[in-house]
Amino acid sequence: MISFALDDDQRLLQDTVRRFCREVLREQMRRHEQQGGLLPEVEQAFAELGLIDLELDEGLPHRTAALVHEELAWGDPGAAVALWTPHLCAGALRELGTPEQQARLLARLRRGPDQRYGRGAVAYAEGGPGQGATVAVPTRGGYVLSGTKRFVLHAPQAELTIVFAQLDGGCQGMGAFAIAGRPAADPQGSFRLGQRHELLGLRAAPAGELVLQEHLVPEEDRLRGGDDFCAAARRVFARAQLLTAARQVGLARAAYELALSYTQDRRAFGKPVAHFQAVAFALAEVHMEVESARWLLWQAAAEADAGRLDLALCAGAAAHACEAAFCAADWCVQLLGGAGFMEDFPAEKWLREAKALALVGGTPQLYEQIVAAQVLGQDPEGNPEGAGLPSPRLQPFLT
Amino acid sequence: MIDFSLSPQQQIVREVAHQIAQTVLRPGSLQWDQQHRIPDEVLLQLSMLRGGFTQGEVPEEVGGEGEGVGAVPDRRHRSQANRIAVLGAEELAWGDASVLLSLPGPGLGGPPVRSMGTPEQRRRFFSVFQQPGLHYGAYALTEPGAGSDVAGIQTRCRKQGRYYLLSGRKCYITNGARADWVVVFATVDPALGRAGHRAFVVERGTPGFSVGKIERKMGLRASETAELIFEEARVPEENLLGGEEYYRGKEGFVGAMQTFDSTRPMVAAVGLGIARAAWEAARDFVRDHYLLSRPLPRYAQLAAQLAQDRRLLDAARLLCWRAAWMADEGLPNSKEASMAKAYAARVALRICAHAVDILGAHGLQTSQLVEKWYRDIKVFDIFEGTGQIQRIVISRRILREPPSF
């Protein structure tokens, strides 16, 4: 039955998260960005909401997650990424891990004695052109991993990292491995931190390189993804796309609302600038983009909740939301004029972060390829097995 | 509960509409376009669709089908009429959009008679549709000098005894020449603006009322578009919609505009039906064409464009569903209706243009439906409020109201 109605629980949750965003995230936005991390009391306050426990226990339903992440990103996209300590790990473990692995490894992400949650990371992108892929070589009792992973969100503090590496055979030769424990700061460690990235946006969430130097992963930590690793891996990326879409919708709405209120207060030539048609039509255009992006996200999430996770719907929702967010943030800066360029308003931050979010976990170009693969019944790269998955050529461009 | 699956009734309507579109409408579409008319047998056969898929149906109180299948309540005990209308409209338009505008029934004239008319008027004007044969209602607002600026209409009405005398011209009236009656908007005094507006039901054969030229158009050629001429047309006072009372303290304009909240999402869905047809043709062409189905750079670009268009089509459809759902829930939806219309029209125009691009020379042949769809789609950014008017409606609402989500 076609319905856009939130149920009572969802409405309550939305209100709660919204209040937290208004009272906490918005207030600390610049501070979080400048110090490249969250204030402990903010992490604490978010923990009190219990959302992370829900995610770790059974996984937030996709529609609920869509609402929650839209709100968080409305508050502050950077903090939204940093606050979500399980990152993609919990979902990835559910798709790729056995029940035993899930039980054992998810414990790493739970609240510790210091009351803080363990951070999860997913290491996908490779060290860049010419550096080759991270490889996993089978050995007695496990695998030896070597290579450099870049753009890994949460890398410096991760208690659990899922590393994708090239094996022989399998889905384009890909395998997934869980590495428990923080990467070493010591330059001699076999699993260690590389360079920390200074980012265009999302600076509240630390990101860096991970270096694997003949690091041994025991057999029991290889995530085999049940019968079909390829399909399971695709679902992991589809979940990532839903998350991106939700964050972009939240960012887009924030930018739209600021532009809407600013242009009604700001007067020029004797009237509010919003009353000039060139401005009013731009606002109408942005509003349509934001709303349509939300409904696409909801549709993809509702299908996923009904057990029909549709790769093309998720990818389409992410592509559309990226476009909406960039459109909204760009117009927001534009309509604020000089003020939009200054750090006094969050407009410039949102414009940077709309771009950053469009590069995390996949790019709009990749999303279009996934949709195209479904539309045309084959992978545009000519690889039927890998339809919907980034080809090895594209991997350096992903985080 | 956020949900986008279809209820059993919605599912049935969509399937039946698709069957009809595929087996009856598609095969006749090109020929009807070339002949500028749809055969009466086809229209008679399709008249049974009323109540399933079209707005402005005949109310049950006069023995009509009412909201038909749309009256079956959903799980939230709401009518599904608007959602069913957009679903059915998209499917039928996928077959042929001109037919949809030519389905016998009250058409756009239905909503104002239903919402403004007295019980006696509703009985009188709707009962004609219960008689055998092809019967139409029509809606006449646009004039040579007043299109988007509806408040500026010049057609005058003047009371004389038990009659009103109407003078003026109406243009671009769908089904205007064959209609049994037309809802005509006129003004007692242009200086009064909207407050001076009155709506009349003018019946065929009224002295002083005649049909001018039948328009030749770029697209939707099988649909009849007529000019109507009023030369002191003698309209009985019983034909003033709602009676004199209705206009005291109320604005006739509001009646004229209310119609659009329910029709815009449906018109948007009609445009999407055409766009979906064009998109599918382009996709099939790319997939089946030998040269294009190789991984060449050109192919990657076409694939990305098809993917992008598919997503825009989905986004526009959801805006239509949203507006229709709000109408079914009884929520005010003018902004959403305008968003559906504005966005769908833009997306549909773009997709039809891409289909012509992709088919290349094939797309220009009048023997190809793609050529027809390209001509048909343009008017969707014009009728039922131009894209610019929709943006005015949207921006007025968003500037007046607090952010709605």
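First the proteins, then the strands, lettered A, B, ... as listed; each starts at 1. Note that the coordinates shown come from a computational prediction; the quantities given were computed from them, not determined experimentally. Quick note: numbers below take in every heavy atom, side chains included, and nothing from hydrogens, waters or symmetry partners.
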- Query: Less than 4.5 Å apart, any side-chain heavy atom of A:V375 and any of B:R283?
  - Reply: yes
- Answer with side chain, backbone, both or neither: which region of B:R83 has an atom nearer than 4.5 Å to a non-hydrogen atom of chain A? side chain
- Query: Can a salt bridge be assigned to the pair A:E323 and B:R311 using a cut-off of 4.0 Å between side-chain N and carboxylate O?
  - Reply: yes
- Message: Please rank B:I394, B:I398, B:L87 by heavy-atom pairs under 4.5 Å with chain A and give me the top one.
- Response: B:I398
- Closest non-hydrogen atom pair between A:F281 and B:Q388, with its separation: CZ-O, 3.5 Å
- Message: Quick check on the interface: out of A:A312, A:A319, A:S261, who has the most heavy-atom pairs with chain B under 4.5 Å?
- Response: A:A319
- Check whether A:Y256 gets within reach of chain B through its side chain, its backbone, both or neither, counting any heavy atom under 4.5 Å. side chain
- Query: Side chain, backbone, both or neither: which part of B:R346 has a heavy atom under 4.5 Å from chain A?
  - Reply: side chain
- Query: If you check every heavy atom in residues 271-279 of chain A against those of chain B, which residues fall under 4.5 Å?
  - Reply: A:A274, A:H275, A:Q277
- Query: Is atom CZ of B:R78 surrounded by more than 12 heavy atoms (other residues, nucleotides or ligands) closer than 6.0 Å?
  - Reply: yes
- Query: Do B:I2 and A:D7 have side-chain heavy atoms sitting under 4.5 Å apart?
  - Reply: no
- Cut-off 4.5 Å, heavy atoms of chain A, and the answer for B:R75 is both
- Message: Is it the case that atom CH2 in A:W331 sees more than 12 heavy atoms from other parts of the structure closer than 6.0 Å?
- Response: no
- Item | Least distance between heavy atoms, B:A307 atom then A:A372 atom | CB-N, 3.6 Å
- Should the heavy atoms of other residues, nucleotides or ligands under 6.0 Å from CD of A:Q334 be counted, would the total exceed 12? no
- Item | Contacting moiety of B:I392, where chain A heavy atoms sit under 4.5 Å | both
- Best-contacting candidate, A:E368, A:Q365, A:E289, against chain B by heavy atom pairs under 4.5 angstrom: A:E368
- Item | A:W295 side chain reached by B:L319 side chain, heavy atoms, under 4.5 Å | yes
- Which atoms of B:W321 come close to chain A, meaning under 4.5 Å heavy atom to heavy atom: side chain ones, backbone ones, both, or neither? both
- Message: Is A:Q264 in contact with chain B via its backbone, its side chain, both, or neither, using a 4.5 Å heavy-atom distance?
- Response: side chain
- Message: Below 4.5 Å, heavy-atom pairs only: which of A:L283, A:L296, A:V371, A:D305 has the largest tally toward chain B?
- Response: A:L296
- Minimum heavy-atom distance between B:R391 and A:A284, given as atom pair plus value: O-CB, 4.1 Å
- Query: If you count heavy-atom pairs under 4.5 Å with chain A, which of B:L306, B:L399, B:V393 comes out on top?
  - Reply: B:L399
- Message: If we ignore hydrogens and angles and just use 3.5 Å, is the side chain of B:S5 paired with the main-chain N or O of A:M1 as donor and acceptor?
- Response: yes
- Message: Please check if the number of heavy atoms outside B:R396 that lie under 6.0 Å from its CZ is greater than 12.
- Response: no
- Flag the pair B:D3 / A:I2 as yes when at least one side-chain heavy-atom distance between them is below 4.5 Å, and no otherwise. no
- Closest heavy-atom pair and its distance - B:Y343, A:S292: OH-OG, 3.8 Å
- Min side-chain heavy-atom separation B:M1-A:R63 under 4.5 Å: yes
- Looking at B:W325 and A:F4, what are the two nearest heavy atoms and their distance? CE2-N, 3.5 Å
- Message: So A:R294 and B:L318, do their side chains get closer than 4.5 Å, heavy atoms only?
- Response: no
- Query: To the nearest 0.5 Å, what is the distance between CD (B:Q80) and OG (A:S3)?
  - Reply: 11.0 Å
- Identify which part of B:Q10 has an atom lying under 4.5 Å from any heavy atom of chain A, answering side chain, backbone, both or neither. side chain
- Item | Rounded distance [0.5 Å steps], NE2 in A:H320 versus CD in B:Q308 | 10.0 Å
